[in-house]
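Below, read A as the first sequence line, B as the second, and so on, with proteins coming before strands; counting in each chain starts at 1. Values below: every heavy atom of this structure, side chains too, minus hydrogens, waters and symmetry copies.
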Number of protein chains: 2
Amino acid sequence: MAKQVVPESARRRRRPTQQGTVLSERLIVHTALRVLREHGSTGLTARRLGTALGADPSTLYRYFAGMDDLTRAIGEELMGQALDSWSATGEWRTDLRALGVAIHSSYLAHPQAAALTASRVTGRPREIAVDETILGILRTAGFPDPTAVRLYHAFIDLSLAFAALDAGALALAEEARATDEEMWTSTYARLPADSYPHIAATARLLAARMPHSAYPAVLDTLLDSAAAQLAAVRPTATTRNRPAGRKPRPAGER
Amino acid sequence: MAKQVVPESARRRRRPTQQGTVLSERLIVHTALRVLREHGSTGLTARRLGTALGADPSTLYRYFAGMDDLTRAIGEELMGQALDSWSATGEWRTDLRALGVAIHSSYLAHPQAAALTASRVTGRPREIAVDETILGILRTAGFPDPTAVRLYHAFIDLSLAFAALDAGALALAEEARATDEEMWTSTYARLPADSYPHIAATARLLAARMPHSAYPAVLDTLLDSAAAQLAAVRPTATTRNRPAGRKPRPAGER
DNA sequence: ATCCTTATGCCAACACAGTTGACTCTACAT
DNA sequence: ATGTAGAGTCAACTGTGTTGGCATAAGGAT
């Protein structure tokens, strides 16, 4: 492999494509997101992306080491969008919840990309920035380091895991509408009531609840538990001591 | 597509392969698990599986509609192994926890297969059996139907999501030992302390905690919350009352 | 303004993927 | 004992990621 990928910052010459497009990491990633949305989570191919960009497929290898590398960059982009849509208020529980919801929403906004990307730890800058932010919130709130690390771990894994799961389900539903969505809605209804009495008894409730995400509810129980732990450590302060004067929107998402 | 996949039950003739193997759905799925373990989560190909079975790749299409169908069957196998390794005691919390851990363990026992499979809802028998079991435990324990359904939803999604996430991380670590595991351990340590003070301050704790799964801890907080809700409905029975401070909060979602 | 270097985009080709249609042959019902 | 059709095989198709070699124009140096 004689070829080297030139890092974006060191890129000097921008030579337009035969079809006129001027490439960049940014443009490629954004186009990839579009292709994913249009062609599904398995529809991102080097050739298709090349066509969408108006460039030869092999040109991509000047920007990314391979499709896998590009995939990681897409994940990083999703994480970046989550971070951008979030802003701190100083109240730990509010901030943590908003950040979690921002991550979840950012993934669900690009289900196909998320399904492809999620559960890949990239170690790229924006992802690390999220980690630093979470730890900062927890430690500033007064959690002792071991507790903070435990909560950080639970929080980030919970959020990523649900983002992946829900995005996967959403992507599947959007792609194979004929096959899978029908399966989803009809699966429970079609089951023989005598073999599956409990499912039969709750079929209506199931059909109503399953299309929604369980993430917010589970996140809240985690935050409840965290608040209880914090109260045990600092019985006096915790959630009560906010200035109460200023209340910037808790992270507009979507 | 003129070809039809004959369901396993209706299969009459078992003609040995040129190399002597007698095929079956079971054998194919088990061999696929072995191939996955040996060649990684992207290493399961029709040709490779054919070779491993001593059969022509196209023979697989007599048993499965395509590689995607085979993938679903593999997921179903994992779910079946989880269910087989579990047994009920009658105590709802014990049973639920054990079932969750069984699912999680079953996936982690085949990380590559899990990474490929997870977050695919199959709608196959064993998966539905798990759903029925969970709902049965909750309803028998005395949870009102709406609460039972809410908890079922949170429980199964939480378990599947973490199974997928943890299996993905494990598979990645086992496959690309040179690339990613090093990245994992060294990522946090290498960061400049002035840009990422919180990560730097907790680097040791992070390195100790991150290789483990957060699933058990999160599952327990969910079960805590469930127990509290049950106590509110049936104050007399089951678990002891919660430590008086918190009300379970009905967990509004979205 | 002109030249040189070389980064960057393009082309052709590789091995390998999933999948299918036509075929052979043998296991079984009769 | 025989006929049938279902299981396994073969060859071929399209499409995939990826690479080595090549042409060319962008941009710094003069």
Side-chain angles (χ1 to χ4, degrees), chain A residues 1-28 31-32 35-36 39-74 116 176, chain B residues 1-28 31-32 35-36 39-74 116 176:
Chain A
M1 169 154 42
K3 305 196 175 179
Q4 273 288 5
V5 175
V6 176
E8 188 74 1
S9 55
R11 212 167 272 276
R12 300 280 157 96
R13 313 186 181 176
R14 310 223 91 112
R15 176 177 173 183
T17 265
Q18 268 188 350
Q19 304 187 26
T21 8
V22 175
L23 298 179
S24 69
E25 249 182 45
R26 239 188 85 87
L27 178 63
I28 295 178
T31 308
V35 170
L36 277 167
H39 293 87
S41 57
T42 62
L44 179 67
T45 71
R47 284 169 173 81
R48 186 130 57 192
L49 182 53
T51 315
L53 283 164
D56 188 89
S58 64
T59 309
L60 297 172
Y61 291 82
R62 300 280 183 206
Y63 291 82
F64 300 96
M67 290 306 275
D68 196 75
D69 193 29
L70 171 61
T71 299
R72 276 194 295 273
I74 294 173
L116 192 67
Chain B
M1 167 150 48
K3 305 197 176 180
Q4 273 289 5
V5 174
V6 176
E8 187 74 0
S9 54
R11 210 167 275 275
R12 301 282 155 99
R13 314 187 179 177
R14 311 219 92 111
R15 175 180 170 184
T17 266
Q18 268 188 350
Q19 304 188 25
T21 8
V22 174
L23 297 180
S24 69
E25 251 183 42
R26 237 187 87 85
L27 178 64
I28 295 178
T31 309
V35 170
L36 277 167
H39 293 87
S41 57
T42 62
L44 179 68
T45 73
R47 283 169 172 81
R48 185 131 57 192
L49 181 53
T51 314
L53 283 165
D56 189 88
S58 64
T59 309
L60 298 172
Y61 291 83
R62 301 278 183 208
Y63 291 83
F64 300 97
M67 289 306 275
D68 196 75
D69 192 30
L70 171 60
T71 298
R72 277 195 294 275
I74 294 172
L116 191 67

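Atom-to-atom, CD of A:Q18 to C1' of C:dT8 comes out at 12 Å; the value is rounded to the nearest Å. With rounding to whole Å, A:L60 atom CG is found 13 Å from D:dT19 atom P. As a whole-Å value, the separation of A:I28 CD1 from C:dT8 C1' is 12 Å. What separates NE2 of B:H39 from C1' of C:dC16 is a distance of 14 Å, to the nearest Å. Distance A:M67 CE to D:dT18 C1': 11 Å, rounded to the nearest Å. Taking atom CD of residue A:Q19 and atom P of nucleotide C:dC11, one finds them 10 Å apart after rounding to whole Å. The nearest whole Å value for the distance from the CG atom in B:D56 to the C1' atom in C:dT20 is 12 Å. A straight line from CG of B:D68 to C1' of C:dT19 spans 13 Å, rounded to a whole angstrom.
Closest of all the heavy-atom pairs between B:S41 and B:L116 is O-CD1, 3.5 Å. Heavy-atom minimum distance, A:A52 versus A:T31: CB-CG2, 3.8 Å. In terms of heavy atoms, A:S24 sits closest to A:Y63 at CA-CE2, 3.9 Å. Heavy atoms only, all atoms of each residue included: A:A55 and A:L23 are closest at CB-CD1, 4.2 Å. The two residues A:A46 and A:M67 make their nearest non-hydrogen contact at N-CE, 3.6 Å.
Taking a 4.0 Å limit (strictly below) on heavy-atom distances, residues 43-55 of chain B reaches DNA chain C at B:L44, B:T45, B:A46, B:R47.
Within 4.0 Å of A:F64, counting heavy atoms only, lies no atom of the nucleic acid at all. When heavy atoms are screened at a 4.0 angstrom cut-off, A:T17 is found touching the sugar-phosphate backbone but no base atom.
A distance of 7.5 Å separates CG of A:L53 from OG1 of A:T17, quoted to the nearest 0.5 Å.
Among the nucleotides D:dG8, C:dT8, D:dG20, the one closest to the side chain of A:R15 is C:dT8. Relative to the side chain of A:Y61, the nucleotides C:dC10, D:dG17, C:dT19 differ in distance, and D:dG17 lies closest. Side-chain proximity of B:L23 to the nucleotides D:dA23, D:dG8, C:dC11 is greatest for D:dG8.
Applying the 3.5 Å distance criterion, the base of C:dG9 shares a donor-acceptor pair with the side chain of A:R62.
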Exercise for the section: List the steps and the verdict of side-chain contact (heavy atoms from CB on, under 4.5 Å) for A:H39 and A:T45. Expected result: CA-CA 10 Å; A:H39 293 87; A:T45 71; over 6 Å; no
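Between A:S58 and the phosphate of C:dC10, there is no side-chain N or O to OP1/OP2 separation shorter than 4.0 Å.
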